[in-house]
Each structure stands twice: as C-alpha cells, then as structure tokens.
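Since this is a predicted model, take the numbers as computed values, not measurements.
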Amino acid sequence: MAGWDEFAERRSGQTPGDGGGEDALVIRTLETLLASALAEEASDIHIEPGEIEARIRYRLDGLLHETQRLSLDLHLRVVSRLKILARLDIAEKRVPQDGHFKHRRAGGLHVDLRLSTLPTLHGEKVVLRILDSAVALRRDLEDLGYEPGQMAALLEAIERPYGMILVTGPTGSGKTLSLYACLRRLNGQGANICTVEDPVEIHLEGVNQVNVHERAGLDFATALRAFLRQDPDIMMVGEVRDAETADIAVKAAQTGHLVLSTLHTNDAPATLERLVRMGVAGYNLASSVLLITAQRLVRKLCLHCRQPVPLEMEVVRAAGLTEADLAGVDGVTGAQVYVATGCPHCRGTGYRGRTGIFQVMPISPAIRGLILAGASTAEVGAQSLREGHLTLRQAGLLKVLRGVTSLAEVMAVTND
C-alpha cells in the first residue's frame, strides 16, 4: 500500500518498515481498513464515534455491516490522518467538510476515495466512498441484469445519432454504472464524448470528463453550454437537477447530439411528468426523448445456502404476470423459488452480490402522442404495459423465478 507508506515517510521521517511510533499504528489501521474493504468490494466505509469507542462499518451489497471497533483516541488520530490526506482543515471540527484523495492498491492501480466528515455528539463521523473504476469498468451492459428484450431496446436507442436517454432511480441504484456501460459501448475513435458529473466517479479513457465546481461557477448548465461549443457527438449529464439543465439537455438532443442523463424518479412513466414540472414543454419531450429506463439493485441469493420453496402462482398473478408470460422464459425454475438462509460464504445474510432489475420504456409513437396530449403518468404507464414492457416488479419477479433473488428482496425494493 505505497500510498500510505509514502505519506508516513513524509510525515514522520521514519520508514514504514520501522513499525514504531503512533503514526505507524494509524497507518497499519488504515491499511487494514482499506485492504479489507476493497477485498469485500464495499462501496463505503463508515467510521462512527460513540460514547465509549468508535465502530467501523462497511456497506456491502447495499447494507451496513460492522467489522471492528477502535478506541476513541485511535479514532481521533485516524480521522486526522484522513483529513490531511484529503487536504482538509484538521483543526476545524465544528462544521462538515468534504474532500477526496487517491490510494494506490496492490498491483499499482489507484482507487479514488471521497471523504465526508460530520460533527456528531461524540466526535467527527467519517464516511469514505470507494470509487473503484477497475471494478466498474469490468461490467458491461450484458452483466447488469437487463432482460433480452430490454437490452435490444436500449442498444437500439444508444445507436441513434441524436436524442435523449434517461436513467432513473433512487440514490445507490446503479444509474452511473449503467450510463458508463453505455458510454463504453459508444466510445471510439469517431466520437467526441463529454461528461459532466458531481463528482466524476468512473474514469474512462478517451472521454472528456468534467467535475462540477459550483463555488467557481461551474455547474451542470454551464458545462453543457460549454460542451455545445466543443463539437460534441455524445454528452452525459450526471443528473438533471433544475429547469435550466433540463432545457439545455433537451435542446442539445434536438440539435443532433445524443444526450444521456439521470433523474430521481420512481419509475419510467413518472420521469416525463417530472420534466414537465421542471418546465420542459411536452412537444420538446416528445421530439427529444428516445427511451427511459428505471432501475433498482437487488441482492443475489447465495448459491451455497439458498433453499427451495414452492412457488405460489397467486404472487405471480398479483404482479401482473400470467402463466403464458412465463412460458419460454430462459432459466425459469418452474414450480419452485428460493429463499435466503445464511452461511459463512455470505456472512450469514443469505445474499452475495447484487444485480439490477429494470423497467425499459422506449418512446413509441403512441406514447409520444400521449405526451403531446398531456396525459397522466398512469395513462403513459398503461400504454407501456400494453406494448409489452415490464414494470420493475415484473422484471424482478422473473429473477425470482430464475432463482437469482428472493421474492422478499424484490417486494422490498419495488414497494413504491
């Protein structure tokens, strides 16, 4: 872990191998935390002070798991070291601070770490977000969990020369991962691709990536206006947050650019209403939006300990699927599904890893007509169902029937 070792040499004047001094203890603690979190593919590390000691928790597969405890004295020194690495003010403990730094992991690859501090009753809580591009870049569109028909619709949309593709879902649902899987498919010698994010989470060679810097006046709208003077082919906006960004993105999609972006909405049909409420005219949406995909992440059942239970067809019917819908679906297990139990392989949770469930809604002529007519979200959703597009719950149920996840997991993440 050369990143920590080099820092120790600069700060304490001793070599990492000396093993002495308080700095060495802090360095070893941080090395252990990061090595363990990276090995587990954790997304976040929480360092939380309490009245007696501090606890360390990793976010694994979307849930927090406690891994160890630190004395309050060691917690204080670990937090100070992290703040120095992130170039934060170590003397300021009364207000939240945000920063970032790089860490060189085994093999020479760098991992970006985003640090956030929060003053609490018993001291500063720290959250480290692990932005591991190496892990993200190993996942192609085919690995994310799209159903075959959904994949075909998405590929058709991203191969269009202009228009807008929107990915929706709550924070932590994998939207950025989906967008970058699309960008990797599009990235090539013949395309000028520009992205603006807050912050850039995945570094992609050959793509012009811009970090939002609102204090300096660089927000999403400003970056988009600059992109339009850079002869772009494809633009990715990390999030449409306001009317100005939405207006520029829609107009860019209408004038010969492919625009990809995210919003925070519950499902695909609700995205259209959200944009209208932002002030985007219906006729502009109808002429620019190609496809909307909503997504959630569900935990995958541990293959070592999952247990079969009888399938209740009433559940299938309640979700809006029939026996005919299930006929011919690859991988459906038939008369049984699986439930989580727990074993050492999955840390006793019954789950290991996550996959996506998706609602992919291409903007068909019929849906375009509904947009122009000012139809409600319910009317757009009903038309999407008539065209054979899966809802999030239906897509999740297919994974339940294949034994990928459990019914309880799907019901929990689609309980909107």
NZ/NE/NH1/NH2 to OD/OE distance under 4.0 Å, Arg299 and Asp61: no

Any idea which heavy atoms bring Ser288 and Ala253 closest together, and the distance? CB-CB, 4.0 Å

Using side-chain heavy atoms (C-beta onward) and a distance below 4.5 Å, is His75 in contact with Pro49? yes

Taking atom CD of Gln150 and atom CG of Leu144, what is their separation to the nearest 0.5 Å? 11.5 Å

Side chain proximity check, Cys194 to Met236, heavy atoms < 4.5 angstrom: no

For a quick test of reading the model, state the closest non-hydrogen atom pair linking Tyr351 to Thr405 and the distance between them. CE2-OG1, 4.4 Å

For Leu118, does its backbone N or O pair with a side-chain atom of Lys93 as donor and acceptor, under 3.5 Å? no

Salt-bridge contact Lys83-Glu124 (side-chain N to carboxylate O under 4.0 Å): yes

Compute whether any side-chain donor of one residue and acceptor of the other, for Asn192 and Asn208, lie under 3.5 angstrom apart. yes

Are any of the side-chain nitrogens in Arg347 or Glu66 under 4.0 Å away from the carboxylate oxygens of its partner? no

For Gln295 and Ser178, the nearest pair of non-hydrogen atoms, with its separation, is OE1-OG, 2.9 Å

Taking it one step at a time, do Ile202 and Leu177 satisfy side chain to side chain contact (heavy atoms under 4.5 Å, CB included)? CA-CA 8 Å; Ile202 301 171; Leu177 200 63; 4.2 Å; yes

Carefully, step by step, assess Ser364 and Glu387 under the rule side-chain hydrogen bond (donor to acceptor under 3.5 Å, both in side chains). CA-CA 9 Å; Ser364 65; Glu387 294 177 7; 2.5 Å; yes

Audit row: Asn266, Arg296, side chain to side chain contact (heavy atoms under 4.5 Å, CB included) steps and yes/no: CA-CA 10 Å; Asn266 287 334; Arg296 301 288 190 277; 4.2 Å; yes

So does Thr32 get a backbone contact from the side chain of Ser36, meaning a donor-acceptor N/O pair under 3.5 Å? no

May I ask you to test the Val259-Ile165 pair for a side-chain heavy-atom distance under 4.5 Å? no

Report yes or no: do Glu273 and Thr377 form a side-chain donor-acceptor pair below 3.5 Å? yes

How many angstroms lie between atom CG of Leu204 and atom CG of Leu179, to the nearest 0.5 angstrom? 12.0 Å

Would you compute the distance between atom CD1 of Ile234 and atom CZ of Phe227 and round it to the nearest 0.5 angstrom? 12.5 Å

Please check if the side chain of Thr341 supplies one atom and the backbone of Cys305 the other of a donor-acceptor pair under 3.5 Å. yes

Distance, nearest 0.5 Å, that separates OH of Tyr180 from CG of Asp140: 15.5 Å

Determine which pairs satisfy salt bridge (charged side-chain N to carboxylate O under 4.0 Å, His left out) with at least one residue from residues 369-380, sequence neighbours left out, and list them in order. none

State, yes or no, whether a side-chain contact exists between Val280 and Lys251 at a heavy-atom distance under 4.5 Å. no

Output, in order, the C-alpha distance, side-chain angles, deciding distance and verdict of side chain to side chain contact (heavy atoms under 4.5 Å, CB included) for Asp219 and His213. CA-CA 6 Å; Asp219 55 17; His213 194 327; over 6 Å; no

I'd like to know if Glu147 and Lys399 make a salt bridge, using a cut-off of under 4.0 Å between side-chain N and carboxylate O. yes

Are a donor atom and an acceptor atom from the side chains of Gln254 and Asn284 found within less than 3.5 Å of each other? yes

Step through the shown structure and confirm whether more than 12 heavy atoms of other residues, nucleotides or ligands are within 6.0 Å of CZ on Arg87. no

So does Glu156 have more than 12 non-hydrogen atoms from other groups sitting under 6.0 Å from CD? no

Nearest heavy-atom approach of Ile357 to Gly396 is CG2-CA, 3.6 Å

SB check Glu40 Arg59 (cutoff 4.0 Å): no

Evaluate side chain to side chain contact (heavy atoms under 4.5 Å, CB included) for Thr349 paired with Leu63, printing each intermediate quantity in order. CA-CA 10 Å; Thr349 65; Leu63 299 179; over 6 Å; no

Heavy atoms of Thr168 and Ala268 approach each other most closely as OG1-N, 4.5 Å

Sub-4.5 Å side-chain heavy-atom contact between Leu166 and Thr265: no

Any side-chain heavy atom of Ile371 sitting closer than 4.5 Å to one from Tyr283? no

Is it true that Glu53 and Arg55 make a salt bridge, defined as a side-chain N closer than 4.0 Å to a carboxylate O? no

Neighbour count >12 (heavy atoms, 6.0 Å) for atom CZ, Arg225: yes

Does any non-hydrogen side-chain atom of Ser406 lie less than 4.5 Å from one of Met411? no

Tell me if a side-chain donor or acceptor on Arg274 pairs with a main-chain N or O of His264 at a distance below 3.5 Å. yes

Determine whether the side chains of Glu239 and Thr262 contain a donor N or O and an acceptor N or O closer than 3.5 Å. no

Evaluation steps, salt bridge (Lys or Arg N to Asp or Glu O under 4.0 Å), between Arg185 and Glu142: CA-CA 11 Å; Arg185 185 69 66 103; Glu142 292 80 4; 2.4 Å; yes

So, do Leu141 and Met151 sit near enough that their side-chain heavy atoms are less than 4.5 Å apart? yes

Are any of the side-chain nitrogens in Arg129 or Asp98 under 4.0 Å away from the carboxylate oxygens of its partner? no

Looking only at atom types and distance, does a side-chain atom of Gln209 sit under 3.5 Å from a main-chain N or O of Val200, one as donor and one as acceptor? no

With a sphere of 6.0 Å drawn around NE2 of His100, does it hold more than 12 non-hydrogen atoms of other residues, nucleotides or ligands? no

Do Thr293 and Gln359 have side-chain N/O donor and acceptor atoms under 3.5 Å apart? no

When you compare the side chains of Tyr162 and Thr255, does any donor N or O come within less than 3.5 Å of an acceptor on the partner? no

Closest heavy-atom pair and its distance - Phe101, Leu85: CB-O, 3.5 Å

May I ask you to say whether Arg393 pairs ionically with Glu409, meaning some side-chain N is under 4.0 Å from a carboxylate O? no

Reported CG-to-CG distance for the pair Leu113 and Leu128, which is rounded to 0.5 angstrom: 5.5 Å

Measure the CD1-CG distance between Ile45 and Leu38 for me, rounded to the nearest 0.5 Å. 7.0 Å

